[in-house]
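For ligands, and for the atoms within them, numbers begin at 1 and follow the listed sequence. Note: hydrogens, waters and symmetry copies are ignored here, and every other heavy atom, side chains too, is used. Quantities reported herein were computed from a predicted structural model and do not represent experimental measurements.
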Amino acid sequence: MKIGVFTSGGDSPGMNAAIRAVVRTANHYNIECYGIRYGYQGMIDNDIVKLESNDVSYTIDKGGTFLFSARCMEFKTDEGRKKAFENLQAHGITALVAIGGDGTFRGARIFSDEYNIPVIGIPGTIDNDIAGTDVTLGYDTASNTAMEAIDKIRDTSTSHNRLFLVEVMGRDAGDIALRCGIATGALGILIPEMEGDLELLYESLERARLRKKKSNIVVVAEGEESGGALLVSKKISEKFPEYEVRVTVLGHIQRGGSPTVFDRELASRMGVLAVEALRSGQKNQMAALVDNKMQLVPLERAVTEKPEINLEKIRMAMVLSS
Ligand code: ADP
């Protein structure tokens, strides 16, 4: 067996640590390992390099991905995938570890079915939006980055009696917003999974106004159904003219940085499991964390199901902000 490893779609902190774990585990079992640069694009362009243990030294602490990432439309075509397969064949690569989000896994499943090449996925995205795993790789680091930024915003919010709306990433998932809202003691949290949360926020703002508390933090998920933080700030300003509202969109700062201890360990565990799974003949599975245990979960689940938001956390956040 020869394994090809690649990162694809949006990057997330911990991807390097996962590549490292795949390369080192393959090395441990005397399996040759190849890095495919720029995800599916590199597979099509034959941008493939052999990776030895030394090639992944000093990578565990680095954000981003040293194999680079890309979005590749050509891989969605039959011709693109054919070219990709021919390049893998030319290198003798017979199995893949795909590190990325649900789009990456969708492509991997199609490719694997067409060319009978086993794939193990490692869920790498800050959004925590993949079904079948408790957490995705990079979510912890991104949440910590957002939390630290919000703590700093809180200082100026308090000094000037201002209401800050802080928009965090997560695509259609509210996990980063919910977690950071709880961790920063936000007055309100707006997430796409919860209907009517804007009305609840209005009630909280009214209560805060009555007790003359004008400095507050509200964490808004970028996918919030009532619009992003800018739109919500306009609605609040119209309804509560006494609040001085400011908006901060944290943006890509959340995607970078050195991975936390949690993400480094998770990446290592997932990388080891991915290679050991391929070795034992598994295919089309995802290395997942389920109740703090590593487990293989069908890729099928990761691409067809939507993860559920933790309702208990929503309830808790509401108790704590009242
Ligand atoms: P993520 O993996 O972060 O969700 P994308 O949704 O952009 O990111 O997917 C990454 C890449 O996976 C795409 O650029 C494309 O090359 C490949 N991909 C996604 N969906 C498909 C599909 N239906 N068929 C083939 N390839 C796909």
Side-chain angles (χ1 to χ4, degrees), residues 4-16 18-19 22 35-48 63-65 67-88 96-133 135-139 141-142 168-176 192 221-223 251-252 254-256 259 263 266-267 270 274 284-288 297-307:
V5 58
F6 62 96
T7 49
S8 157
D11 65 318
S12 71
M15 281 184 161
N16 281 325
I19 299 165
V22 168
I36 302 159
R37 295 165 16 122
Y38 297 99
Y40 294 121
Q41 192 62 54
M43 226 181 262
I44 291 172
D45 296 342
N46 202 18
D47 195 351
I48 299 172
T65 158
L67 285 179
F68 305 103
S69 189
R71 296 206 152 91
C72 171
M73 289 308 123
E74 209 183 335
F75 197 74
K76 293 188 175 177
T77 67
D78 293 345
E79 305 79 61
R81 291 193 298 276
K82 184 166 177 282
K83 258 196 248 172
F85 180 67
E86 284 165 1
N87 288 329
L88 294 184
L96 292 171
V97 176
I99 307 170
D102 58 339
T104 299
F105 292 171
R106 211 161 283 126
R109 270 191 69 234
I110 293 168
F111 190 56
S112 173
D113 285 349
E114 273 175 354
Y115 293 101
N116 195 26
I117 183 162
V119 183
I120 301 292
I122 292 183
T125 162
I126 65 165
D127 303 328
N128 206 31
D129 61 350
I130 296 188
T133 183
V135 283
T136 57
L137 189 57
Y139 165 61
T141 306
V168 298
M169 280 184 159
R171 289 204 296 189
D172 298 332
D175 289 55
I176 296 179
E222 65 180 345
H252 283 79
Q254 296 158 94
R255 289 258 287 266
D263 275 332
L266 183 65
M270 286 178 165
N284 293 358
Q285 304 284 322
M286 172 175 72
V297 169
L299 270 185
E300 166 84 19
R301 219 185 129 190
V303 298
T304 53
E305 286 180 28
K306 230 178 127 50

Asks: Would R171 count as a contact residue for ligand 1, given that I'm defining contact as a non-hydrogen atom of the residue lying under 4.0 Å from a ligand atom?
Replies: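 Under 4.0 Å: yes for R171.
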Asks: Looking at atom 27 (C) of ligand 1, what's its closest protein heavy atom, distance included?
Replies: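 Nearest protein contact, heavy atoms only, for atom 27 (C) of ligand 1 is G107 CA, 3.6 Å.
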Asks: Considering distance alone, does some N or O of D102 sit under 3.5 Å from an N or O of ligand 1?
Replies: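 So ligand 1 has an N or O lying under 3.5 Å from an N or O of D102.
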Asks: Indicate, as side chain, backbone, both or neither, the part of Y40 found under 4.0 angstrom from ligand 1 when only non-hydrogen atoms are considered.
Replies: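 Y40 to ligand 1: side-chain contact only, backbone stays beyond 4.0 Å.
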Asks: Is there a side chain to side chain contact (heavy atoms under 4.5 Å, CB included) between R81 and Y115 once you walk through the steps?
Replies: CA-CA 9 Å; R81 291 193 298 276; Y115 293 101; 4.2 Å; yes
Asks: Taking only residues two or more places apart in sequence, or in another chain, which ones meet K76 in a side-chain hydrogen bond (donor to acceptor under 3.5 Å, both in side chains)?
Replies: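 Per chain and number, K76 pairs via side-chain hydrogen bond (donor to acceptor under 3.5 Å, both in side chains) with no residue.
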Asks: Under 3.5 Å between any N/O of G101 and any N/O of ligand 1: does that happen in this structure?
Replies: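 It does: an N or O of G101 is found under 3.5 Å from an N or O of ligand 1.
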Asks: Please tell me if the side chains of I122 and V22 come closer than 4.5 Å, counting only heavy atoms from C-beta onward.
Replies: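 Counting from C-beta outward, I122 and V22 do come under 4.5 Å.
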Asks: At a 4.0 Å threshold, what atoms of ligand 1 neighbour a non-hydrogen atom of G10?
Replies: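 Close to G10: 3 (O).
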Asks: Any side-chain heavy atom of D102 within less than 4.5 Å of one from R171?
Replies: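 With C-beta onward as the side chain, the pair touches.
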Asks: Could you pull out, from T104, T136, T125, the option with a heavy atom nearest to atom 2 (O) of ligand 1?
Replies: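 Ranked by closest heavy atom to atom 2 (O) of ligand 1, first place is T104.
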Asks: Is E79 salt-bridged to K83, going by a charged N under 4.0 Å from an acidic O?
Replies: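 Salt bridge flag = no for K83 with E79.
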Asks: Please check whether G100 reaches ligand 1 - meaning an N/O of the residue sits under 3.5 Å from an N/O of the ligand, judged on distance alone.
Replies: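 For ligand 1, there is no N or O atom that lies under 3.5 Å from one belonging to G100.
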Asks: Would you confirm whether T133, through its side chain, and T136, through its main-chain N or O, come within 3.5 Å as a donor-acceptor pair?
Replies: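 No; zero donor-acceptor contacts below 3.5 Å.
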Asks: Could you pull out all residues at least two apart from T125 that satisfy side-chain hydrogen bond (donor to acceptor under 3.5 Å, both in side chains)?
Replies: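 side-chain hydrogen bond (donor to acceptor under 3.5 Å, both in side chains) check on T125 returns D127.
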Asks: Under 4.5 Å between any side-chain heavy atoms of M43 and N87, yes or no?
Replies: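 No, their side chains stay 4.5 Å or more apart.
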Asks: Could you list which atoms of ligand 1 come closer than 4.0 Å to a heavy atom of I110?
Replies: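 The atoms of ligand 1 under 4.0 Å from a heavy atom of I110 are 22 (C), 23 (N), 24 (N).
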Asks: Which heavy atom in I99 sits nearest to a heavy atom in A18, and how many Å separate them?
Replies: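 Closest heavy-atom pair between I99 and A18: CD1-CB, 3.9 Å.
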Asks: Compute the shortest N/O to N/O distance between K76 and ligand 1 and return yes if it is under 3.5 Å, no if not.
Replies: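 Min N/O separation from ligand 1 is not below 3.5 Å for K76.
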Asks: Quick one: nearest non-hydrogen protein atom to atom 8 (O) of ligand 1, plus distance?
Replies: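 Looking at atom 8 (O) of ligand 1, the protein heavy atom closest to it is G9 CA, 3.4 Å.
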Asks: Going by heavy-atom distance to atom 16 (O) of ligand 1, choose the closest among S69, C72, A98, A70.
Replies: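 That would be C72.
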Asks: Which atoms of ligand 1 have any heavy atom of S8 under 4.0 Å away?
Replies: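 Once the distances to S8 are compared, the set is 10 (C), 11 (C).
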Asks: Nearest to atom 5 (P) of ligand 1, what protein heavy atom do you find, and at what distance?
Replies: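 Going by distance alone, atom 5 (P) of ligand 1 is nearest to R71 NE, 3.8 Å.
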Asks: Below 4.5 Å, heavy atoms only, C-beta onward: do D172 and D129 meet side chain to side chain?
Replies: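 Not in contact.
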Asks: Any N or O of R106 that comes nearer than 3.5 Å to an N or O of ligand 1?
Replies: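 No - when backbone and side-chain N and O of R106 are compared with those of ligand 1, no distance drops under 3.5 Å.
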Asks: Return a yes/no value for G103: is any of its N or O atoms, backbone included, closer than 3.5 angstrom to an N or O of ligand 1?
Replies: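 G103 vs ligand 1: N/O contact under 3.5 Å present.
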